[in-house]
Amino acid sequence: MTETMIRPVEGKTLLLNPADNIAVALANLEVGTQTRQGVAIVRRVPRGHKFATRPIAAGEAVVKFGQIIGFAKQAIAPGEWVHEHNCGMGGPDGSLHHDYAFAEAAAPVDYVPAEERATFQGYRRANGSVGTRNYIGILTSVNCSATVAKFMAEAINRSGILADYPEIDGVIPFVHGTGCAMDLAGEGYRIFRRTQWGYTSNPNLGAALLVGLGCEAFQIDKMKETYNLAETDTFQTMTIQEIGGTRKIVDWGVERIKEMLPIAARAKRETVPASELTLALQCGGSDGYSGITANPALGVAADMLVRHGGTAILSETPEIYGAEHLLTRRAVSREVGEKLIERIKWWEDYTSRNGGEMNNNPSPGNKLGGLTTILEKSLGAAAKGGTSPLTAVYEYAEKGTEKGFVFMDTPGFDPVSATGQVAGGANILAFTTGRGSAYGCKPVPSIKLATNSELYARMTDDMDINCGDIVEGVSIEQKGQEIFELMLEVASGRKTKSEELGYGDNEFVPWQVGAVM
């Protein structure tokens, strides 16, 4: 999305790039409405949707952001509403081939001098990592131990003991629907193991329990052996079968948490550099404004974080499909770029063998908001990644080792994607939405960015920042600065709207891959 421009046209439309043959409606455009492009609307265009600015022949590329977002299914007249009825993916196989130009545009980062870098108030852990929150987590090795984990957390909350430890943000039961009936040598097992280890070691947890049933496929002792884990004052494990039943393990868990509380409460916020932030980039409930306002503004904030030495994780592989050529150009090496394409090929095969296709995404809500094809959605989604060089590509829930702008392979489903990012080490998250996604991400604070002013006004209790004013004259750079400054405040302890509402207890959703046996 280089050289993208925003040009207001009589306050009602946006022309995003001189090469575009469509424009975006900022309000409902009725038949007969005249536009500055010299065309009259011939079919009503809903707010956030697109209309043709010149004749588009059948089979011709439809261009937005200066990039192909689809192909005309039929001839499209100037002023005609452009959407899925007359715009599709193109060829019979639904594919679009790009020149990946590996590592041809990876410009060096203009780092902020060390003495001028931003700081925040974070929790420095014993291993050197830094948290933005201080939770105690109860992880479950299998769905069969989900209920006892909830019982433990409920007992602690009912007791009132947390009032004695204001330094503790809460006790979270991370429950899920898997952990058994899986191939122990399979990809799904490896993904789940990485996810469990990643949450256990996330710096936003001051202490953790891991509880199981005992006979499940995912054995706690095997995980401890794999990652060389020893039980400590802040990490304890137990199974229902080993201890002798439900009541006994709940009592055990409550006592362990009571012992952990004063230890975890010793953590105090201290001044740390912004380079210790790992930002998860997410979008959900996207609309026609997402790629115009919130996503590029978040991209500016991500670039700022990178310049201050931090890390930004772009994910949701199905939602960069069709825009991956913009990322491979920014790869620091051909190897990094090719690793991204390997994941794209995996997804093409994955969807094919499951009877789907990559253009099953966008969702119905995305389409109502003005997005037509996955190509269009991906171009907007990729804007969250800013312009920094792509330094690494990781598999789902893989621990990050590189600083800067990185990519993690995840599904597009927000809770699953964010779960992988948190397992990979994210300690803060920014989430753009145009339709109004309600989401939180304990133990990581989630900053919600509204793509349009109407949404922000309607769901102000859920949204932290309004990016809709970008189409009203606020620059993308100004909004990116606002997002970056809020990130530092949130990392220092300021609660986000989703935290105030209590979201995040049910959004731990590990990616299930492979047969359930």
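The chain is numbered in sequence order, starting from 1.
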Check this for me: does any side-chain nitrogen of one of [X] and [Y] sit under 4.0 Å from a carboxylate oxygen of the other?
| X | Y | value |
| --- | --- | --- |
| E187 | R190 | no |
| D505 | K442 | yes |
| R247 | D251 | no |
| R256 | E259 | yes |
| E167 | R266 | no |
| K339 | E335 | no |

Take atom [atom1] of [X] as the centre, draw a 6.0 Å sphere, and report whether it contains more than 12 heavy atoms from other residues, nucleotides or ligands.
| X | atom1 | value |
| --- | --- | --- |
| K222 | NZ | no |
| K150 | NZ | no |
| K268 | NZ | yes |
| D164 | CG | yes |

Would you check if there is a donor-acceptor pair between the side chains of [Y] and [X] at a distance under 3.5 Å?
| X | Y | result |
| --- | --- | --- |
| T451 | D287 | yes |
| E319 | S378 | no |
| S201 | K399 | yes |
| H176 | T140 | yes |
| D464 | T496 | no |
| Q421 | S315 | yes |

Quick check: closest heavy atoms across [X] and [Y], and the distance to 0.1 Å?
| X | Y | result |
| --- | --- | --- |
| A397 | I191 | CB-O, 4.4 Å |
| S417 | E316 | OG-CG, 3.4 Å |
| A153 | I138 | N-CD1, 3.9 Å |
| N427 | V130 | ND2-O, 3.0 Å |
| A264 | I168 | CB-CD1, 3.5 Å |
| V509 | Y396 | O-OH, 3.8 Å |

* So among T147, V142, V148, which one has a side chain to side chain contact (heavy atoms under 4.5 Å, CB included) with C144? -> V142
Would a 4.5 Å heavy-atom cut-off, applied to side chains only, mark [X] and [Y] as touching?
| X | Y | answer |
| --- | --- | --- |
| I156 | I161 | yes |
| L449 | I483 | yes |
| V393 | V406 | no |
| L368 | N366 | no |

* **Derivation and outcome, side chain to side chain donor-acceptor pair (under 3.5 Å), residues N134 and R125** => CA-CA 10 Å; N134 193 30; R125 303 301 184 188; 3.0 Å; yes
Whether the side chain of [X] engages the backbone of [Y] through a donor-acceptor N/O pair (distance < 3.5 Å, no angle test) should be reported.
| X | Y | answer |
| --- | --- | --- |
| T373 | I69 | yes |
| N466 | G468 | yes |
| T419 | P415 | yes |
| S145 | V211 | yes |
| K377 | S286 | no |
| S437 | T433 | no |
| T232 | T234 | yes |
| R330 | S388 | yes |
| K384 | A381 | yes |
| Q241 | C215 | yes |

* Go through Q121 and T271 one step at a time and tell me if the side chain to side chain donor-acceptor pair (under 3.5 Å) criterion holds. => CA-CA 5 Å; Q121 299 299 305; T271 302; 2.7 Å; yes
* Asked: Is the ring centre of Y394 less than 6.0 Å from the ring centre of F407?
  -> no
* **Pair F192 + F218: ring centers closer than 6.0 Å** => yes
* **V175 vs F508, side-chain contact (heavy atoms from CB on, under 4.5 Å): CA-CA, chis, key distance, verdict** => CA-CA 7 Å; V175 303; F508 175 68; over 6 Å; no
* Passes side chain to side chain donor-acceptor pair (under 3.5 Å), T178 versus N143? Steps please. -> CA-CA 6 Å; T178 185; N143 177 254; over 6 Å; no
* Go through the steps to decide whether V490 and K495 satisfy the test side-chain contact (heavy atoms from CB on, under 4.5 Å), and finish with yes or no. => CA-CA 6 Å; V490 168; K495 287 188 180 297; over 6 Å; no
* Going through the distances and angles, do K224 and D221 end up as a side-chain contact (heavy atoms from CB on, under 4.5 Å)? -> CA-CA 5 Å; K224 290 161 65 177; D221 286 344; 3.8 Å; yes
* Asked: How far apart are the C-alpha atoms of E499 and R133, what are their side-chain angles, what is the distance that settles it, and do they pass the side-chain contact (heavy atoms from CB on, under 4.5 Å) test?
  -> CA-CA 11 Å; E499 287 181 298; R133 294 294 184 268; 2.8 Å; yes
* Do the ring planes of Y350 and W346 sit parallel (below 30°), tilted (30 to 60°) or perpendicular (above 60°)? -> parallel
* To do: Go through R194 and E398 one step at a time and tell me if the salt bridge (charged side-chain N to carboxylate O under 4.0 Å, His left out) criterion holds.
  => CA-CA 6 Å; R194 288 198 301 268; E398 185 179 356; 5.8 Å; no
